[in-house]
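Notes follow once the structure below has been shown.
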Amino acid sequence: MQGRSTKRQKEMARQQKQRDKEAKKAERQRDKESRPARQPGDEDPDIAGIIPGPQPPLEI
């Protein structure tokens with residue numbers, strides 16, 4: 001009998017993890033839709049302030 005209850009608990013945990021994953025995915029989708037669209041020529045926020053070429057040495 002011990003094996004059945006363990007199997008049921010594992011299955012319930014797997015289902016809960018899947019529900020959590022779907023909820024996070026839906027939240028990310030809502031966040032993405034609520035963000036304003038970038039206009040052509042706008043700076044990409046992921047690379048804002050990055051200067052191409054060799055970088056200056058870090059001062060310690």
Side-chain angles (χ1 to χ4, degrees):
M1 291 289 181
Q2 182 68 14
R4 288 184 183 170
S5 64
T6 304
K7 186 174 181 179
R8 179 171 168 78
Q9 289 173 346
K10 285 173 68 173
E11 181 62 20
M12 290 178 72
R14 186 193 66 78
Q15 289 173 351
Q16 181 62 43
K17 185 176 179 181
Q18 188 64 32
R19 284 190 295 269
D20 293 346
K21 189 176 177 181
E22 288 295 325
K24 285 181 183 180
K25 183 178 178 182
E27 183 179 347
R28 284 192 310 269
Q29 185 65 31
R30 283 192 306 272
D31 290 347
K32 183 178 178 183
E33 291 170 353
S34 68
R35 265 188 257 138
R38 282 189 334 160
Q39 299 298 320
D42 283 354
E43 188 173 30
D44 187 346
D46 292 333
I47 58 173
I50 294 179
I51 302 168
Q55 302 297 308
L58 294 175
E59 294 186 31
I60 297 176

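Predicted, not measured: the structure shown is a model, and the values here were computed from it.
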Open item on the list: Whether the side chain of E59 engages the backbone of P57 through a donor-acceptor N/O pair (distance < 3.5 Å, no angle test) should be reported.
Closed with: no
Open item on the list: Could you work out, with side-chain hydrogen bond (donor to acceptor under 3.5 Å, both in side chains) as the rule, every residue matching D20, not counting sequence neighbours?
Closed with: Q16
Extract all donor-acceptor atom pairs below 3.5 Å that involve side chains of residues 24-32 and protein atoms in other chains or at least two apart in sequence.
{"unit_1": "Q29", "atom_1": "NE2", "unit_2": "E33", "atom_2": "OE2", "d": "3.3"}

- [ ] Any chance you could measure M12, atom CE, to Q9, atom CD, to the nearest 0.5 Å?
- [x] 8.5 Å
